Chemist: 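Would you mind keeping the following structure in view while I ask a few things?
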Amino acid sequence: MIEVRNLKKQYGDLIAVNDVSFSVNEGELFGVIGPDGAGKTTLFRMINSLIIPDSGSVSLWGLNPVTDYKAIREMIGYMPGRFSLYEDLSVEENLEFFATVFGTTIEENYHLIKDIYAQIEPFKKRKAGQLSGGMKQKLALSCALIHKPRILVLDEPTTGVDAVSRYEFWDMLIKLKQNNITILVSTPYMDEASKCDRVALMQNGHVLMVDTPWGIENGFSTSLYGLKTINKYKLIQFLRSSVSCKSVYPFGEYLHYCDKREDVNEKILIEELKQAGFFDAIVDEVKPGIEDRFMELMGNVI
Amino acid sequence: MNEEVVIKVSHLYKKFGHFTANDDLNFEVFKGEIFGFLGANGAGKTTAMRILCGLSTPTSGEVNVAGLDVGTCADAVKAKIGYMSQKFSLYEDLTIWENMRLYAGIYGVNKNEFRMRGEELLRELNMCDERNRLISTLSLGWKQKLAFMVAMIHKPQIVFLDEPTSGVDPITRRQFWELIYEAAANGVTIFVTTHYMDEAEYCDRVSIMVDGRIEALDTPSQLKIDHNVSSMNDLFLKLIR
């Protein structure tokens with residue numbers, strides 16, 4: 001398993017990763033979720049031995065990335081955020097190259113990549129640089145898997161990818177879990193958290209919380225109301241000016257609203273909105289999602 | 001929003017060799033509207049957006065932006081629109097004020113006008129005291145908010161936003177959309193692409209491109225009714241898979 005303890009990395013005045021601790025179990029699909037600049041990449045690169053931490057420690061099944069980096073690099077399949085295969089080699093040549101570097105062959109571990117690679121195999125003679133975004137992603141994942149790693153480290157594999165391709169990518173990861181590969185994946189898309197066994201929410205170098213997606217959502221501290229009206233922007237401004245408003249954020253076609261008062265309910269809120277002239281307003285108590293919780297936690301830190 | 005048309009696209013085709021990136025696009029965008037331009041990767045969004053901005057010419061068809069034909073008056077169109085790309089931020093080694101002055105200069109805003117306009121935009125962002133900060137010291141969220149304001153330095157009629165909120169934290173993402181609402185309320189037309197489906201719901205109307213064609217175009221609520229789905233995410237999956 002992976003143990004991260006009090007990990008810290010600073011660049012000048014910027015503390016990229018600040019006292020981060022968590023552990024990942026064998027065979028787990030573990031998500032690190034946070035916006036750009038949260039410290040996700042730095043964290044991953046300390047785990048996979050590419051950056052040396054200022055303080056704190058990482059243990060991968062008892063091995064230390066600082067001293068045991070050679071052994072660790074054989075254990076890990078890494079897919080960096082930027083496409084980093086050889087663009088002037090063909091699909092097949094890239095895969096062969098990575099297999100050879102790790103002292104194996106495509107045939108030996110073909111079963112691991114079969115589902116993914118089969119989708120790009122018809123284009124195996126094409127240069128990697130000429131592939132579409134989704135195909136590059138599949139090739140990169142195949143290359144990261146070809147040496148049968150114990151851990152897969154994927155840095156924002158779905159950033160800039162459309163909703164459908166993202167969906168398919170997560171399906172591939174969930175399938176990979178069956179091979180007992182431990183998967184560490186980062187993403188800025190909060191909705192992807194639900195695909196993970198457990199997630200760490202990260203912001204400004206800190207891990208805000210580690211839990212199951214379900215546990216994170218249930219940690220939301222107050223009642224959350226979904227408000228709907230034709231005049232959304234006016235309603236936001238009205239709620240902001242109210243003394244009892246704890247928070248209000250647009251959420252798709254709804255506004256998500258929290259009230260400071262404890263004895264408030266849907267009826268009272270509807271009445272108040274009508275008095276303020278929002279006659280079409282609909283108010284329903286809604287179940288908080290990961291993003292609601294993330295924003296609540298962010299509010300506590302800033 | 002009113003019925004004044006600021007973008008009119010008729011039978012737009014764009015071909016690259018045998019590949020048709022834009023296949024008979026037809027749509028109108030109204031003044032002050034927030035128009036969401038969605039689609040899968042490779043559906044042809046960027047190609048269409050580049051044509052609308054006068055950066056590329058159609059193979060055939062008519063494209064009218066801000067009252068001008070982009071085929072013949074591309075440069076005049078550029079003066080009337082603002083553009084903010086996901087990748088291009090501002091110059092990191094210039095200050096906030098210097099960046100604003102640079103873009104004002106490029107867009108031909110005169111000195112006095114710029115002084116007023118610059119102050120106005122800084123006030124809107126609550127950044128009046130920060131004007132001498134280097135861009136490199138700002139968080140991504142602030143950079144994006146500022147880039148949006150800079151894209152409006154010359155009071156364009158239409159602003160094109162290409163995935164403006166990618167990777168931005170959820171609170172800042174929402175603050176960014178409030179800036180969009182505000183601009184639209186002041187009559188600026190917003191043409192925006194995004195991969196966040198909840199943001200599609202924030203648009204007045206949304207178009208969804210699939211393989212070079214527009215497969216759906218309407219208000220988010222009407223689209224959901226027509227396709228019998230409960231969210232824009234479901235609609236997107238339904239149309240594209």
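Because only heavy atoms are used, hydrogens play no part in the values below, and waters and symmetry mates are left out as well, while side chains stay in. On a predicted model such as this, the values are computed, not experimentally measured, just so you know. Each chain gets a letter, A, B and so on, in the order the sequences are listed, and its residues count up from 1.
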Chemist: Given the options A:R240, A:R166, A:E168, A:E156, which has more heavy-atom pairs under 4.5 Å with chain B than any of the others?
Modeler: A:R240
Chemist: Looking only at heavy atoms, which two atoms of B:R174 and A:P250 are closest? And how far apart?
Modeler: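 Result for this residue pair: NE-O, 2.5 Å.
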Chemist: Any chance OH of A:Y167 has more than 12 other-residue heavy atoms, nucleotides or ligands included, within less than 6.0 Å?
Modeler: no
Chemist: Quick check on the interface: out of A:V164, A:D191, A:D162, A:T159, who has the most heavy-atom pairs with chain B under 4.5 Å?
Modeler: A:D162
Chemist: Identify which of B:L140, B:L237, B:T194 forms the greatest number of heavy-atom pairs closer than 4.5 Å to chain A.
Modeler: B:L237
Chemist: Counting neighbours of NZ on B:K238 that are heavy atoms of other residues, nucleotides or ligands and sit closer than 6.0 Å, is the number greater than 12?
Modeler: yes
Chemist: Taking the side chain as everything from C-beta on, heavy atoms only, tell me whether A:D36 gets closer than 4.5 Å to B:V168.
Modeler: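 No - every pair of side-chain heavy atoms lies 4.5 Å or more apart.
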Chemist: Find the distance between CD (A:Q137) and CG (B:N41) and round it off to the nearest 0.5 Å.
Modeler: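 It is 9.0 Å, given to the nearest 0.5 Å.
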Chemist: Which one wins on heavy-atom pair count under 4.5 Å against chain A: B:R173, B:E199, B:E178, B:Q175?
Modeler: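 If we count pairs closer than 4.5 Å to chain A, B:E178 comes out on top.
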Chemist: Can you name the closest pair of heavy atoms from B:G167 and A:P188 and give their distance?
Modeler: CA-CB, 4.0 Å
Chemist: Counting only heavy atoms not in A:I230, do more than 12 sit closer than 6.0 Å to its CD1 atom?
Modeler: no
Chemist: Side chain, backbone, both or neither: which part of B:K224 has a heavy atom under 4.5 Å from chain A?
Modeler: side chain
Chemist: Under 4.5 Å from any heavy atom of chain B, what part of A:I236 do you find: side chain, backbone, both or neither?
Modeler: side chain
Chemist: With a 6.0 Å cut-off (strictly less than), is the heavy-atom count around CG of B:D24, excluding the residue itself, greater than 12?
Modeler: yes
Chemist: Rounded at 0.5 Å granularity, tell me how far CZ in A:F251 sits from CG in B:D198.
Modeler: 7.0 Å
Chemist: Before you tell me yes or no, could you show the steps for B:E201 and A:K232 under salt bridge (Lys or Arg N to Asp or Glu O under 4.0 Å), namely the whole-Å CA-CA distance, both residues' side-chain angles and the distance that decides it to 0.1 Å?
Modeler: CA-CA 11 Å; B:E201 308 261 11; A:K232 223 186 294 175; over 6 Å; no
Chemist: Is it the case that the side chains of B:E182 and A:Y233 hold a donor-acceptor pair, with the cut-off being a distance below 3.5 Å and no angle test?
Modeler: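 Yes, B:E182 and A:Y233 have a side-chain donor paired with an acceptor closer than 3.5 Å.
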Chemist: Can you tell me how far the CE atom of A:M298 sits from the CG atom of B:D169, to the nearest 0.5 Å?
Modeler: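 Atom-to-atom, A:M298:CE and B:D169:CG are 3.5 Å apart.
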Chemist: Of all the heavy-atom pairs spanning B:H195 and A:V161, show the shortest one and how long it is.
Modeler: CG-O, 3.9 Å
Chemist: Within a strict 4.5 Å, meaning less than it, do heavy atoms of the A:M190 and B:P170 side chains meet?
Modeler: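 Yes, their side chains come closer than 4.5 Å.
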Chemist: Does CG belonging to B:N228 count more than 12 external heavy atoms closer than 6.0 Å?
Modeler: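 No, not enclosed.
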